[in-house]
Structures are given as structure tokens and as C-alpha cells.
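Here is the structure we will look at.
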Protein chains: 2
Amino acid sequence: MNGKIFIIEDEPSIIQLVQHNLEKNGFIVSSSVNGNDGLKELKKFQPDLLLLDWMLPDLSGVEICKNIRKDTSYKNLPVIMLTAKGEEEDKIKGLDSGVDDYLTKPFSFNELMARIKAVLRRSNPNTVSDNLKFDDLMLDRIEKRVFRDDQEIKLGPTEFRLLEFFLTNPKRVYSRDQILESVWPNNVNVESRTIDVHIRRLRQSVNLKNKKELIRTVRSSGYSLI
Amino acid sequence: MNGKIFIIEDEPSIIQLVQHNLEKNGFIVSSSVNGNDGLKELKKFQPDLLLLDWMLPDLSGVEICKNIRKDTSYKNLPVIMLTAKGEEEDKIKGLDSGVDDYLTKPFSFNELMARIKAVLRRSNPNTVSDNLKFDDLMLDRIEKRVFRDDQEIKLGPTEFRLLEFFLTNPKRVYSRDQILESVWPNNVNVESRTIDVHIRRLRQSVNLKNKKELIRTVRSSGYSLI
DNA sequence: TTTAAATGTTACAATTTTGTTACAAATTAA
DNA sequence: TTAATTTGTAACAAAATTGTAACATTTAAA
């Protein structure tokens with residue numbers, strides 16, 4: 001279990017409790033004690049999930065949340081709102097402002113953990129860790145290595161990016177255009193057939209003997225993992 | 001705001017309250033008072049969201065939930081669990097069993113409504129499902145796959161588009177001209193009889209043995225699902 | 001019943017799509 | 001620098017899909 005979690009919360013006791021326990025559970029954690037700093041830090045830190053206090057010295061949690069949703073790169077960032085208020089009105093506002101879940105203080109760490117897991121599982125089943133896994137395949141983004149079962153597979157740079165791309169949404173069928181946009185650097189022009197050749201190369205590397213085919217061709221649509 | 005919501009709950013007063021209010025809000029609602037009936041009804045009703053009681057006469061909510069997650073066509077069905085217990089233990093169990101959210105009784109309808117909205121927004125951002133379902137047929141637009149019950153059906157590109165088209169309005173009868181316009185690329189000229197041949201091919205693929213005919217011929221008008 | 005129209009079925013050639021290989025250019029490592 | 005690796009594309013092979021014609025069967029009307 002790993003991933004990056006950012007906390008915006010002004011009560012030091014809560015930060016301490018949560019940060020310490022999250023780190024013990026393998027998360028990388030960073031935090032801010034107010035909204036404006038938080039928004040800046042957020043972009044540097046690039047978290048996979050945000051714990052957001054409802055009441056902050058400067059901005060309210062809802063304002064921060066709306067702010068985040070406007071930003072293209074963060075509009076899908078999962079947010080769990082922490083609130084001291086139990087009033088129903090507030091809960092509703094929180095949910096409608098695009099929050100994924102909320103938690104009323106005081107809460108136990110176990111409860112928080114369960115929510116985090118649930119939200120991460122929903123938003124991003126694979127990036128719960130930096131290792132992308134699918135079937136017997138494992139791709140380590142940090143070390144840039146790929147294994148099938150325990151056998152390492154050597155991939156060229158493009159093959160690696162291609163596989164990484166497929167692994168963020170295994171089973172989903174991507175058109176050649178989508179693949180081009182996501183896997184090749186911007187404003188590079190390559191023919192769509194080029195992808196077929198790279199798919200072939202990836203297949204050759206990844207399809208060890210005695211293993212089933214991993215890449216599906218969907219005629220007239222594209223490719224996907226399977 | 002529309003969509004189909006199914007309720008499995010044994011307290012009539014809650015069913016009545018919730019069902020009535022949800023219908024007032026534009027949802028189509030159906031319900032069962034126990035788990036086993038619920039699981040059967042569910043498949044007929046094909047809801048976009050399930051409200052599930054924690055304590056039921058026969059199966060527990062968690063058991064039902066696990067049951068649902070096993071079924072290919074329902075593994076992504078959003079579930080909100082209703083529980084009378086306030087114990088944290090239960091909450092965690094609920095979340096880990098694949099529930100998307102939970103709500104502790106007694107709750108106000110407004111609060112339920114907010115949760116439903118939040119869950120639907122997450123699971124189904126465009127309020128357009130990516131899975132088209134009709135009877136025992138399921139078409140997954142993302143993975144480009146078609147199942148009848150749990151058996152996969154392999155279709156060619158045109159067969160797939162044809163079925164996809166019919167599924168957007170099952171039961172509706174489409175003329176050959178309408179089918180041509182919607183399923184074939186623009187400014188392509190094919191004979192109207194060509195459709196008959198593709199219908200035949202689709203029939204052959206889709207009509208597994210022991211299954212009833214799915215495509216109806218309406219003489220002098222066109223075709224429809226049935 | 002007979003007839004005409006509509007639809008079902010089959011076969012097949014043409015076309016489209018994808019797989020595979022080879023190779024030169026470009027990039028990177030030694 | 002040289003050597004090795006990576007990359008994009010062209011060219012051809014293989015496979016799947018497609019449209020149509022031709023004939024069969026069903027349906028509805030006369």
C-alpha cells in the first residue's frame with residue numbers, strides 16, 4: 001500500500017496523528033496548515049489523495065475544493081473532507097462541491113484508513129501503489145522495470161511507456177490516436193501504423209513462452225490488455 | 001436527474017419514504033424486502049444504483065454485496081449501504097466489502113439524496129452508462145465486449161456497432177434507412193439489402209442455443225430488439 | 001391457391017485491417 | 001570516435017471483414 005497523500009488541516013494534533021499513522025502504512029505524506037499555502041504545495045507534491053479540513057484560517061474547505069476542480073490537472077484528485085460540524089447542511093454542501101467522501105471529527109484512524117482505501121480503490125485502482133500490476137505482470141515505475149511473475153522483462157523506452165499506458169487502464173480498448181497522444185511526446189508526427197510495429201515489439205518481449213497473450217487486438221478499434 | 005435505483009430493505013416504512021421521495025425526484029425505483037428475492041429482481045431491473053440494508057431477514061448486506069461483485073455485469077454497480085448500527089467495525093466491513101458509501105439510520109432524505117448524487121457522479125460522470133444492457137445482454141463500450149449472461153460473444157466491427165445502436169433504444173423499431181445513417185460512416189453508399197445480411201450475421205453471433213431470439217423483424221418497417 | 005413483395009441464407013471476390021520483416025536514420029552508450 | 005540500441009517507415013504477407021449477387025423461403029394480398 002503506497003501513494004501520496006496531502007493534508008490541509010490547521011489542528012497540529014490531528015496532522016501529527018494522521019501523518020504519523022499514514023506513513024507507518026506506507027504512504028508518503030505532506031501537509032499545510034492553511035488553504036493558500038496548501039494550494040501551492042499541492043501542485044509541487046502531486047498527491048494521489050487530499051485530506052481537507054472543513055474549517056481553515058483563511059479559505060474554507062469547500063472553496064479549496066472548488067478551486068481544485070477548476071484545475072485540469074487536479075479535477076480528478078480524490079478529496080476526503082474532515083469536518084468538526086455534525087450538521088446535515090454542511091455535509092450536503094461538502095458532497096455537492098465535488099468531495100468524494102467526508103469524515104466527522106473525532107474519528108478513529110481505522111475509520112479514516114477504511115475511507116482512504118475505499119476512495120483510492122474507486123478513483124485509481126492501480127495507482128494505489130507505484131507498481132502497476134495486472135495479472136502476472138508487474139511494472140515498477142520507480143525502478144523502471146517490468147516483471148512477469150518473477151522473471152524480469154527488458155523493454156525499450158517506447159515499449160515501457162506503451163505498457164505503462166495500457167496498465168493505467170487495463171482491459172480498456174484504446175484507439176491508435178489515443179495511444180499516440182498519450183505515449184508519444186507532443187507534436188511528434190508518426191504514422192498510425194508505427195504503433196502496430198511497437199505493439200508487435202511489446203508483444204514479443206512480454207509474451208514469454210507458456211504464458212497467455214497479454215495484448216488484445218480489437219479490429220478497427222485499437223488495442224487493450226487482456 | 002434520472003436513473004434507476006433498486007432498494008433491498010425489510011422495513012416497509014423506510015421503503016415507502018425513500019421510494020416515494022426518489023420517484024418524486026425523477027428516479028425509477030423498485031425494491032425487495034429480502035436478499036434472495038432482491039438478487040433476482042436486480043437482474044431484471046438493471047438499476048444504476050443499489051440501496052442495500054445491512055440487516056436483512058436472510059442474507060446480510062455484505063453477503064449480497066460480495067455476490068454482486070462476482071457477477072460480470074454488476075461488478076461496477078454503485079452500492080450505498082444502510083445500517084442501523086453505529087459501530088465503527090461495521091462501517092469498515094461495509095466499505096471493504098466493496099460498498100461505495102454507507103448511511104446510518106435514522107437519516108434524512110436530503111442526506112440520502114446528497115449521497116446518491118455523489119456516488120452517481122463518481123460512478124457515472126456523464127449519467128451515461130458505459131455499459132448498455134438489455135435482458136441478459138451486456139455491451140461494454142470501454143472494453144468493446146459483449147456478453148450474454150456471462151458468456152462472451154465475439155462480434156465483428158459492424159456487428160458491434162449495429163448492436164450498440166439497437167441497444168441505445170431497445171424495442172424501438174428502426175428502418176433500414178435509419179440504421180444506415182446511424183451505423184454506417186457518412187457518405188457511404190451501401191444497398192439497403194446489405195443490412196439484412198448484417199442482421200443475419202449479428203443474429204448468428206448473438207443467438208446462443210437455449211436462448212430466445214433477440215432481434216425482431218418487423219415486416220416492411222425494419223428491425224428491433226425484443 | 002396463386003402471385004408478388006419482403007426477408008433469409010449462402011457463397012465469394014474485393015477490400016480493409018493487421019502482422020511481420022527488413023532496413024536506414026537517429027539516438028545513445030561505450 | 002565507434003558500436004550498439006532504438007526508432008519510424010515501407011513493403012509484403014496473412015487474416016478478417018465487407019458488400020453484393022443469386023437463390024430460397026416466408027408472408028401478405030389478391
Side-chain angles (χ1 to χ4, degrees), chain A residues 144-146 152-166 173-207 209 212-226, chain B residues 144-146 152-166 173-209 211-226:
Chain A
K144 305 263 183 214
R145 286 165 15 130
V146 175
E152 178 160 11
I153 294 170
K154 297 280 183 190
L155 298 182
T158 306
E159 288 168 63
F160 187 91
R161 291 202 312 278
L162 196 54
L163 182 59
E164 184 181 20
F165 171 67
F166 277 119
V173 177
Y174 288 102
S175 71
R176 292 179 176 70
D177 281 347
Q178 290 174 314
I179 295 173
L180 266 188
E181 274 191 33
S182 305
V183 175
W184 268 258
N186 286 335
N187 60 49
V188 181
N189 259 24
V190 293
E191 312 248 340
S192 128
R193 285 308 309 283
T194 300
I195 290 166
D196 300 11
V197 177
H198 281 280
I199 288 283
R200 146 110 172 124
R201 287 168 182 159
L202 182 56
R203 274 188 172 134
Q204 234 168 4
S205 311
V206 150
N207 289 343
K209 55 187 167 297
K212 68 172 208 281
E213 174 72 45
L214 256 176
I215 300 174
R216 174 168 74 124
T217 304
V218 182
R219 201 153 234 263
S220 84
S221 291
Y223 299 95
S224 82
L225 295 192
I226 178 113
Chain B
K144 304 257 186 219
R145 292 175 181 284
V146 174
E152 178 162 11
I153 294 169
K154 301 271 184 195
L155 298 182
T158 306
E159 289 166 65
F160 188 92
R161 291 200 312 277
L162 197 53
L163 181 59
E164 186 180 18
F165 172 67
F166 278 118
V173 178
Y174 289 102
S175 72
R176 291 177 176 70
D177 280 348
Q178 289 174 313
I179 295 173
L180 264 188
E181 273 191 34
S182 305
V183 175
W184 267 257
N186 287 335
N187 60 50
V188 181
N189 259 25
V190 293
E191 313 245 342
S192 127
R193 286 308 309 282
T194 299
I195 290 165
D196 300 13
V197 177
H198 280 281
I199 289 283
R200 145 103 173 131
R201 286 167 183 160
L202 182 56
R203 274 185 171 137
Q204 226 166 11
S205 310
V206 150
N207 289 344
L208 306 179
K209 55 186 169 297
K211 295 283 177 183
K212 68 171 207 279
E213 174 72 45
L214 257 177
I215 300 174
R216 177 167 67 123
T217 304
V218 182
R219 194 158 235 261
S220 81
S221 293
Y223 299 95
S224 82
L225 295 192
I226 180 95

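Chain naming here is simple, since letters A, B, ... match the order of the sequence lines and numbering starts at 1 in each.
Residues meeting the ring-ring contact (aromatic ring centres under 6.0 Å, His included) test with Tyr223(A), sequence neighbours left out: none. For the side-chain hydrogen bond (donor to acceptor under 3.5 Å, both in side chains) test, residues two or more places apart in sequence or in another chain that qualify with Arg203(B) are Glu213(B), Thr217(B). With sequence neighbours excluded, no residue satisfies salt bridge (charged side-chain N to carboxylate O under 4.0 Å, His left out) with Glu159(A).
Whole-Å rounding puts the Leu202(B) CG to dT18(D) P distance at 12 Å. Rounding to whole angstrom units, CH2 of residue Trp184(B) and C1' of dT16(C) are separated by 16 Å. Between the C1' atom of dT5(D) and the NE2 atom of His198(A) lies a distance of 13 Å, rounded to the nearest Å. Whole-Å rounding puts the Arg216(B) CZ to dG8(C) C1' distance at 18 Å. If you take CG of Leu180(B) and P of dT20(D), they are 10 Å apart, rounded to a whole angstrom.
Sorted by first and then second residue, the ring pair (Phe, Tyr, Trp, His ring centres under 6.0 Å) pairs with a member in residues 180-205 of chain A read Trp184(A)-His198(A); sequence neighbours excluded.
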Legend entry - nucleotides 17-30 of chain C: protein proximity per nucleotide (B base, S sugar-phosphate only, - neither; heavy atom, under 4.0 Å): BBBBBB--------
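The side-chain heavy atoms of Leu202(A) and Ile215(A), taken from C-beta on, include a pair separated by under 4.5 Å. Residues Val173(A) and Arg216(A) meet the side-chain proximity criterion, which asks for heavy atoms closer than 4.5 Å.
Nearest approach of Gly222(A) to Arg176(A), heavy atoms of both residues: CA-NH1, 4.1 Å.
Between atom NZ of residue Lys144(B) and atom OG of residue Ser220(A) there is a gap of 7.5 Å, rounded to the nearest 0.5 Å.
Listed in residue order, the members of residues 152-162 of chain A having a heavy atom less than 4.0 Å from DNA chain D are Pro157(A), Thr158(A).
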